[in-house]
2 protein chains.
Amino acid sequence: MSEPTTRHPTPAHVTLAVVLQVRDGVLQALLWQRAREPFKGRWSLPGGYLAERDTLEDSIRRHLAEKVDVRELSHLEQLETLSDPTRSPREWQLATAYLGLVPSDIDPELPGDTDWHRVDDLPPLAFDHGSIVLAGRERLRAKLSYTNLGFALAPDEFTISELRDLYAAALGHDVSATNLQRVLLRREVLEPTGRQRASGPTGGRPGSLFRFRTSELEITDQFAVLRPPGPARLPVA
Amino acid sequence: MSEPTTRHPTPAHVTLAVVLQVRDGVLQALLWQRAREPFKGRWSLPGGYLAERDTLEDSIRRHLAEKVDVRELSHLEQLETLSDPTRSPREWQLATAYLGLVPSDIDPELPGDTDWHRVDDLPPLAFDHGSIVLAGRERLRAKLSYTNLGFALAPDEFTISELRDLYAAALGHDVSATNLQRVLLRREVLEPTGRQRASGPTGGRPGSLFRFRTSELEITDQFAVLRPPGPARLPVA
DNA sequence: AAGGTTTGCGACTATGGGGCGAAAACTATG
DNA sequence: CATAGTTTTCGCCCCATAGTCGCAAACCTT
């Protein structure tokens, strides 16, 4: 395992990102239209070749920077590494896929070959990118349930109704605002800001504003089902 | 993204596996003692370079076959790909780590340089292998809670007490046999075989034997916390 | 038959989540 | 200024899941 690289054939390595955002109340992915063969003209995930001295995360950040302002990414995590030898028709190429998230209040400037597409209604994608997008969506859905990952989809401040719409778009089904508030408050994921949103155009009671306590990913430990013996997590306080 | 490999420098790529088994009531990992520099003499994870036309999973299976009978692996899944440019002192090397599991009733033949080590009491490991082992253990612990992954730690048939000991060893804390049985039966993960184990050397009531319904990984959907509207999963029947 | 040991299981409790409807807080309109 | 319409908030009740406890059952040995 200590031999120099030259003794072993090495595959090309690219990084790809599934960048998701709730736009117009719908979960959308950032795609880019290929200018060259193979798959010329097809939509595909942003990314590119790994450069020397870059970690995979450096690499995907660098490539994404050509499409969007990377500082607007609220979350980035590795999804999986794909290695089917036939996944690229031209070369032996591995791909490490990342999941990136953008808060819903951001509208990044995009180059002409890049645009958002509804995840529920994707065009045919290049390579195996279609399945990668779905893997990213599944990861998002799962983590919304048992982590505080919602922070990565939401603006700094929001009402419960607004947050409900974000969750509903990402999860793909209706979400009860009552439940959402109770669950996230009990888990101490959300906290009230004390302020209120001015009421909307159709009137109605103005909603209180909340924020996520932290923008670091935290796992709700309640999900360790076969718990260690002892008292529960959050005493009645 | 369509250029031939030669236009881009490519890193060496190795696959590694954290192979875990409950042995002597304790979670242990399969390690191998390096014969050469770097890290000569240190314990490290089994694995090796990726060969052409191999997927990553092919690769790790092939390398593991040199250490154990791969047919005895009850589960194998990708963990993560490590890319710190300094993770290997000699070359630019990426590593894709896998988690492998072996049922507790198996005692594979091992080559002389290979042995089991308690995960709670590991020697210093080569490269970043120490953190990889811990990542593997964390993945196992999480999935034991919300999937049927226990099948990969257990023999074909077992009593609840035996299964409890396996869970306790993997989870690192006591587990209630009553709870374990109720939870896994309700989830329809376990089923009774109808048979019984002869009672042990110290006497006592003989335990009924159970088996896992399937050896395919299944996720308990109960863990989608913000559920879609509608009735619960398993009606009283 | 008696005592020791382990498993099986029912009863009770605690906790977290879902559903529903009434009350509250606003706007717009007359 | 009252009334109607809209949206948010919140309390209440129910249910599903799981953690705890203790006794009964089933087996052994002596």
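None of the values given here were measured: they were computed from a predicted structure.
Atom pair A:Tyr167:OH and C:dG18:P shows a separation of 13 Å (rounding to whole Å applied). Taking atom CG on B:Leu180 and atom P on D:dT20, their separation rounds to 13 Å, with Å as the unit. The interatomic distance linking B:Leu171 (CG) with D:dG19 (P) rounds to 11 Å, in whole Å. Remark: P of C:dG17 and CG of A:Asp174 are 19 Å apart, rounded to the nearest angstrom. Separating the CD atom of A:Glu188 from the P atom of C:dG16 is a distance of 11 Å, rounded to the nearest angstrom. Between A:Leu185 atom CG and D:dG11 atom C1' there is a gap of 15 Å when expressed in whole angstrom units. Distance A:Arg182 CZ to D:dC13 P: 14 Å, rounded to the nearest Å. Remark: P of C:dC9 and CG of B:Leu190 are 13 Å apart, rounded to the nearest angstrom.
Using a 4.5 Å heavy-atom threshold, the side chains of B:Val14 and B:Phe127 count as separate. For the pair B:Leu94/A:Leu56, a side-chain contact is recorded, criterion being any heavy-atom separation below 4.5 Å from C-beta on. Proximity of B:Leu190 to B:Phe158: side-chain heavy atoms (C-beta onward) are separated by under 4.5 Å at one or more points. Considering only heavy atoms from C-beta on, B:Phe151 stays 4.5 Å or farther from B:Thr214 through its side chain.
Of the listed nucleotides (C:dG8, D:dT8, D:dA18), D:dT8 has the atom at the smallest distance from the side chain of A:Ser161. Comparing D:dT8, D:dG11, D:dA18 by their closest approach to the side chain of A:Arg164 singles out D:dT8. The side chain of B:Leu226 approaches C:dG18 more closely than any other nucleotide in the set C:dG8, C:dG18, D:dC10. Comparing atom distances between the B:Gln181 side chain and each of D:dG19, C:dG21, C:dC9 picks out C:dC9 as nearest.
Phosphate contact (OP1/OP2 of C:dG17, side-chain N/O of A:Arg186, threshold under 4.0 Å): present. Note on B:Arg197: every side-chain N or O is 4.0 Å or more away from OP1 and OP2 of C:dT7. OP1 or OP2 of C:dG18 sits under 4.0 Å from a side-chain N or O of A:Asn179.
With no hydrogens or angles considered, no side-chain donor-acceptor pair links A:Thr96 and A:Thr15 at under 3.5 Å.
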Walk along nucleotides 24-30 of chain D from 5' to 3' and tag each nucleotide B, S or - by protein heavy-atom contact under 4.0 Å, base first, then sugar-phosphate.
-BBBS--

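One distance of note links CZ of A:Arg139 with CD of A:Gln78; it measures 8.5 Å at 0.5 Å rounding. Residue B:Gln33 holds its CD atom at 9.5 Å from CG of B:Asp115, rounded to the nearest 0.5 Å.
Contact annotation for B:Ser208: backbone-only contact, meaning every heavy-atom pair under 4.0 Å involves sugar-phosphate atoms and none involves a base.
In this structure a side-chain-to-backbone donor-acceptor pair under 3.5 Å is missing from A:Arg211 to A:Thr193.
When each of B:Leu209 and A:Ser176 is assigned the nucleotide of DNA chain C bearing its nearest heavy atom, the one mapping closer to the 5' terminus is B:Leu209. Nearer the 5' end of DNA chain C, as judged by each residue's closest nucleotide, is the contact made by B:Glu162, out of A:Val183 and B:Glu162.
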